[in-house]
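All remarks here apply to the structure that follows.
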There are 2 protein chains.
Amino acid sequence: MTKLTDVAKAAGVSIATVSRVLNNPGSVNADTQQKVQQAIRSLNYKPSRVAQRLRSKGGNSKIIGLVLPDIQNPFYVDVIRGVEEAMYEKGYAAIMCNFAQNEDKERLYLDILQSESIDGLIVAPVHGRDQKVANMVLSGLPIICIDRGLTGVEADVVLVDNQQGAFDAISHLIKLGHQRIAYISGLPQIPTSKARLAGYEAAFKEHGLPVDETLIKYGDSKHESGMRLTAELLDLPTPPTALFTGNNLITLGALETIHSRGVKIPEEIALVGFDDMYWSISLNPPLTAVRQPGFEMGQRAAELLFQRIKDPARPTVKVVFDATLQVRSSCGAAAKNS
Amino acid sequence: MTKLTDVAKAAGVSIATVSRVLNNPGSVNADTQQKVQQAIRSLNYKPSRVAQRLRSKGGNSKIIGLVLPDIQNPFYVDVIRGVEEAMYEKGYAAIMCNFAQNEDKERLYLDILQSESIDGLIVAPVHGRDQKVANMVLSGLPIICIDRGLTGVEADVVLVDNQQGAFDAISHLIKLGHQRIAYISGLPQIPTSKARLAGYEAAFKEHGLPVDETLIKYGDSKHESGMRLTAELLDLPTPPTALFTGNNLITLGALETIHSRGVKIPEEIALVGFDDMYWSISLNPPLTAVRQPGFEMGQRAAELLFQRIKDPARPTVKVVFDATLQVRSSCGAAAKNS
DNA sequence: TTTCTGCTTGTAAACGTTTTCATAAGTTCT
DNA sequence: AGAACTTATGAAAACGTTTACAAGCAGAAA
């Protein structure tokens, strides 16, 4: 790798001058600048980000961390794409860490990121009282929480109105005449799970209906638990007439179990999922789902992070996107839009 | 951040000794070691990976690059998970770069990775003659190609027998009586697209049937092109009776177009896709697809990379996984397995 | 006692940058 | 012509590690 001294030698100047041409071009004579630029080009010099990062702590090493719970969940893939697009435009790189809903793994990755001296972090904390993340916020590292907030510490956060999304979904089912509506939750300690449960309960209350606790199941936010818990629900003496699934992967697991038993959707059981996917329409049947704008959320998180890196003192903000119900045929009310 | 000097001061030794405790514990006296370990723990010292990387070039900075064409494609998500699991076990971190089939973006990311002094790289090159990647291989950086090989340069590669997979898929359709079988290819310059086309043609040849060029369409490996090209095929005076889609996203696009026109699968058109997804069974109808073991491929690539980092002189290997046809009902021969 | 050997430990250089400080060479002003 | 600025550049320190080398000190061999 060519380095600063090589360029300096080729241009007949000192390394300080070369560095200045790179970082503060105004401060160097036009002729010298020419020579240096020339040398840089002809040697194809690229500064070492590692050395840059070691030397100048804070905010200009152009690398950030992105720590997410489950890369297999298409929602987070959208988030990644959103973040990544914004990063790319600014020449930033992201160290991507998928902690698979595992707190130990999250901690390890956060340690690594810290010791990589990242400029900032976008993270969906493993749960609301994530001490490690809270400490990092307190230590002054620019951090944006996405999808899940943090209790007890001031931090920027980008999320969706989960309660309202669930409320809309359940209300829709109730209006279609359903009363026995089951809910398969993701990991109960995750803030989104709680908010969605709250929306579920609020919808029942709003319509003067009682909540049947036996119809609420708690899983681990993954495909397998969707399969297993759906089976448990179908095995009840009086199975539910409708099912609300707490995320993407649970929905797909539920579909698999329902199909394997030959149960008809929506005739025998209606289905509404949290998290829409661009191919939800190609499922059997086309899935009614609550849509979170993952891509936009990712972009927004990245922008907020850039802001905070530039101005660490800016007051924290909370960006709440709407969750919108996409009605398709899996809950009976076939609609013709996508 | 606490640093080596802090620990050294606390333990009453020099920084060199602390460093030795960390990297070469055998070489230091047991008592001293105790003291140092103690100090490290009580100060919660974590070495700066940046400084480590700057100082000791090559092979022990525990960070690698992972450069993939399209994170929206679930196959690559499986690859990521496989790589990531293997990395995690060894305390490595990965800088994830999604170049979205865009050569400029790939180049930018490769530049960044180089200037981050990564230990190694796992990459699915944008095409077979990717000069940038080839140069990096030549420069001695440990590199494993995944999913796509590199022509003209010796490099480790992990992929699937794409030709055989396509051959099996088409043979299956031919045996079911289809003759007008369309193929929607991904980007034609990608090696996998070529291999799959070769398998398609080989199957026709094997069965003594002619290839109808008008039934072969080339897209960009994304959802939208699947939609558009399927529409073109359905608009033909004599539409195909079967469709073979060149990847995941094309398949989903094809499904969307087919459903939007109310065309029946498999009665009016049979469908076989390249790339299986764990939720293929929940599609409408359950999708017959060629399965690539993405997770295993990712794991294997990571292992090969570790090997190469340890022993840069090891001869290059080519690992070829089987592509297996998962028969479900989208091509007519309903089968009861998953 | 002297010399040698082996074991521990410390000193200092190096990795490739950025940045402070000093300096040299012009300018401008009196 | 000398003082006071301004502008352009270089020398050197610093970032936090690893590691080559030197050195101290014990015990063993002579």
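When reading the values below, keep in mind they use all heavy atoms of this one structure, side chains included, and skip hydrogens, waters and symmetry mates. A quick note: this is a predicted structure, and the numbers were derived from the prediction, not measured. All chains are named by letter (A, B, ...) in the order of the sequence lines, taking the proteins before the strands, and each is independently numbered beginning at 1.
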Q) Reading nucleotides 4-11 of chain D from the 5' end, what letters show protein touch, with B for base, S for backbone sugar-phosphate only, - for no heavy atom under 4.0 Å? A) ----SBBB
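Between B:K132 and B:E103 there is no salt bridge, since no side-chain nitrogen of the basic residue lies less than 4.0 Å from a carboxylate oxygen of the acidic one. Contact check on A:D78 versus A:R81 returns a salt bridge, with a Lys/Arg side-chain nitrogen under 4.0 Å from an Asp/Glu carboxylate oxygen. The pair A:E84-B:K105 meets the salt-bridge criterion, with a side-chain N (NZ, NE, NH1 or NH2) lying under 4.0 Å from an Asp/Glu carboxylate O.
One can place CG of A:L54 at 17 Å from P of C:dA14, the figure rounded to the nearest angstrom. For the pair B:D6 CG and D:dC15 P, the computed distance is 11 Å after rounding to whole Å. Taking atom CZ of residue B:R55 and atom C1' of nucleotide C:dA12, one finds them 11 Å apart after rounding to whole Å.
Among the nucleotides D:dT19, D:dT17, C:dG16, the one closest to the side chain of B:K3 is D:dT17.
As judged by a 4.0 angstrom heavy-atom cut-off over every strand, B:S48 is placed among residues touching the sugar-phosphate backbone only.
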Q. How far apart are the C-alpha atoms of A:D104 and A:R107, what are their side-chain angles, what is the distance that settles it, and do they pass the salt bridge (charged side-chain N to carboxylate O under 4.0 Å, His left out) test?
A. CA-CA 5 Å; A:D104 290 339; A:R107 198 153 34 212; 3.0 Å; yes
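A:K46 and A:N44 are linked by a side-chain donor-acceptor pair at a separation below 3.5 angstrom, with hydrogens and angles left out of the test. Under 3.5 Å, the side chains of B:T316 and B:D156 contain no donor-acceptor pair of N or O atoms.
Contact between the side-chain N/O atoms of B:Q52 and the OP1/OP2 oxygens of D:dT18 is found at a separation under 4.0 Å.
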